[in-house]
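This structure is a prediction, so every number in the text was calculated from the model and none was measured. So you know, we letter chains A, B, ... as the sequences are listed, proteins then strands, and number each from 1.
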There are 2 protein chains.
Amino acid sequence: MPKITDQKKDAVRMDILNTARNVFIQKGYEAATMKDIVTSSGRSFGGVYLYYSNKEDVFLDLLRRQYEDMALDFASEKQMSAWCRFEQFMGEQERRVKEVDSGLAPCMYEYFIVGRREEGRRKLIEDRYQAVYGSIFTFIYDGVQRGELHPSQPVETFVHWLISFMDGIFLESIINGFERIELVKQFDFLRTVCRSILKPIELEEYQ
Amino acid sequence: MPKITDQKKDAVRMDILNTARNVFIQKGYEAATMKDIVTSSGRSFGGVYLYYSNKEDVFLDLLRRQYEDMALDFASEKQMSAWCRFEQFMGEQERRVKEVDSGLAPCMYEYFIVGRREEGRRKLIEDRYQAVYGSIFTFIYDGVQRGELHPSQPVETFVHWLISFMDGIFLESIINGFERIELVKQFDFLRTVCRSILKPIELEEYQ
DNA sequence: TATTATAAAGAGATCAATCTCGTTTTTCAA
DNA sequence: TTGAAAAACGAGATTGATCTCTTTATAATA
């Protein structure tokens, strides 16, 4: 004779997560406390601890569910040209950076940097890097295979380099704000540089 | 009848700072405690609190004193060509990234990201950005003025962009380790890209 | 409607870190 | 040598966050 349906349980979980998300965004990962999460969710310690056993547990469930923050959905738009996809990707990143304060990315950086020595987090960091690297690499490599891109440098290195730049620009936007660092100009500049490296076919005549 | 000379006081300060530095490097800023600092310095709480009133106070004194970590000494070598100086700068950065684990940089990132909302830290972050931006800009701009560089893009944007990249590569090295991200190749790649943007005079003939 | 298993509540025990303050030690000048 | 002022000590008071555990409420079934 159990008393609550799995659906209901999931609804409670989602409700806790939704308010926890706001807590993390507003206070940051380190500054947020379980008490904040308990209070803002309108529940009790008992109620929340029934679902999550600590702050990290809540945060990891959040991350798992909205992995899209910083992860990349390359599934769609397979039919467009490699360079178009690349431009779309850059636009997407630019948009994400601008809205960085209203997402979990700043908390992720906190979580990864502060916990850089902890085994579990190292694993997560590594997995995330491989996933991001893999999806960007595949998508550019496809463009090369199809003869749409003629990169002047090894794609492997280019991808590592692009990730470094993206991480840097996220970090700078978080701590300095995107106006001070001239985000828009940096992105335009980066697009130009990338084009001159990847050499998309429709532009070769202009070289 | 005071009892201790200012020199002695400074020596004690330095002694505390030296051991505190190791504590921060080994444990990270957030994980380090005053107890760690007290213990590792072979002193008592009373003894340490006579000089510093909390962990942040110790850390800020450390930062102030070894600002060179991440700051840039452009004072020397004014006579060399702009491109040589740039290459030297890049080499210096590459070296710093490789040794990032044995310096305070990881703690700085912790301190800045976790405290991104605190007024005092915001100010520090801003000052640091302006200082770094200013010194890189000046040094490249000088090269342009002297006719040694012919940048194909606005220098302002280039500098913002370079800082983003450097911060990104520091961050990636801290959380992923520099082997995984192919640091050396990234730097070689970056040098090539920068050369094609800054167009140093001795290379124009090869274009 | 009564039963009962489970969910939720929330007071308080526990833990860990900070920092103070009364005591002891040191150092220098007389 | 001694005495007084400052330096250093370190036990313990304070704070704040975590998480448990007992109690209370709820909801499905019989």
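- Within 4.0 Å of A:Lys9, counting heavy atoms only, lie sugar-phosphate atoms of the nucleic acid but no base atom.
- Residue B:Gln7 contributes atom CD, which lies 16 Å from atom C1' of C:dC28 at whole-angstrom precision.
- Atom CZ in B:Phe45 sits about 18 Å away from atom P in C:dG22, given to the nearest Å.
- For the pair B:Arg122 and B:Glu119, the salt-bridge criterion is not met [side-chain N within less than 4.0 Å of a carboxylate O].
- The side chain of B:Tyr49 places no N or O atom within less than 4.0 Å of a non-bridging phosphate oxygen (OP1 or OP2) of D:dA7.
- Between B:Lys55 and C:dC19 there is no side-chain polar atom (N or O) within less than 4.0 angstrom of OP1 or OP2.
- Side chains of A:Thr19 and A:Val23 form no contact here, defined as non-hydrogen atoms less than 4.5 Å apart.
- Between D:dG10 and B:Ser44, no contact under 4.0 Å exists linking OP1 or OP2 to a side-chain N or O.
- Relative to the six-membered ring of A:Tyr29, A:Lys55 meets both conditions, a distance below 6.0 Å and an angle of at most 45° to the axis.
- Nearest heavy-atom pair across B:Gln153 and A:Thr192 is NE2-CG2, 3.6 Å.
- For the contact set between residues 31-43 of chain A and DNA chain D, defined by any heavy atom under 4.0 Å, the members are A:Thr33, A:Met34, A:Lys35.
- A cation-pi arrangement is present between B:Arg121 and B:Tyr111, with the terminal nitrogen or guanidinium carbon under 6.0 Å from the aromatic centre and inside a 45° cone about the axis.
- The shortest distance between the side-chain N/O atoms of A:Tyr52 and the OP1/OP2 oxygens of D:dC19 is not below 4.0 Å.
- Taking atom CG of B:Leu50 as the reference point, atom C1' of D:dA7 lies 6 Å away to the nearest angstrom.
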